[in-house]
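Have a look at the structure below, then the notes.
Counting convention: from 1, in listed order, for ligands and their atoms alike.
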Amino acid sequence: MRRYWLALLIVPGLLAIAGLPGVAPERIPAGAAYADTNSNEVKRMPLTLPDLPYPYDALEPFLSAETLHLHHDKHHQAYVNGYNEAEAKLKAAREAGDFAAIRALCDALAFNYSGHLLHSIFWTNMKPGGGGEPSGDLAKQIAADFGSFATFKAEMIAAANSVQGSGWAVLAWQPLGQQLVVLQAEKHQNLAEWGVTPVLVLDVWEHAYYLQYQNRRPDFTKAFFEVVNWDDVAQRLAATQE
Ligand SMILES: [Fe+2]
């Protein structure tokens, strides 16, 4: 029996399609599409929650283990589950030829997929012993687009602190303008620009900080910069500029 699959791989912020023959189905990554040549049916692996790249207490004292447990294990998991459930409902709607619920399904898919993607970037955007300032090409690009690192940091923190309700501040590469831009995202997807690739994201939903910082969001956004993994941000920028 010959099988092949097409994998949709999340390379830092990018979607790339790869045809990889001879890979056992159990090794197909979460979210990947694959085709079974016997049935001619395209199938898709459900999304799964990625592991944190460090222990839960690794970002203390800036981010408590309790907050990270809840945020990763409960909230991020909920976006993974929400996307998989909405995708199953959409498949059933297609099979039934009944698209009466398409608006709610599109909303659920965009919300949960965006939440999953941003959280997956967020975890790797931080590391124990992080912080400081970036170097190399990332530092040059930030200086070119914002004037200085201090100005970029002030703009990113201001964007995060002023998100209305729940959302994110996002540093993203905008290919059309060949520039880095700071965006806000309400919820996970509103106010985003099409085509940009997030390289640094800061979650300002209350679940990200309330247990530890209560209503002091500015204290949390300031602390975030003490654990930023600039190597990860630089790798994401280099990958999207290739
Ligand atoms: Fe979150």
Candidate list Leu138, Val201, Thr124, test side chain to side chain contact (heavy atoms under 4.5 Å, CB included), partner Val233, passing option = Leu138
Under 3.5 Å, side chain of Arg217 to main-chain N/O of Val163, donor-acceptor pair present?
-> yes
Tyr210 versus Asn215, side-chain donor and acceptor atoms under 3.5 Å | no
Tested for ring-ring contact (aromatic ring centres under 6.0 Å, His included) against His76, the lone hit among His207, His69, His116, His188 is His116
Between Gln184 and Ser162, a side-chain donor and acceptor under 3.5 Å = yes
Report the protein N/O/S neighbours of the Fe ion (ligand 1) that fall below 2.8 Å; do not count waters.
-> His71 NE2, His119 NE2, Asp203 OD2, His207 NE2
Give a yes or no answer on whether the side chain of Ser114 reaches the backbone of Ala110 with a donor-acceptor pair at less than 3.5 Å.
-> yes
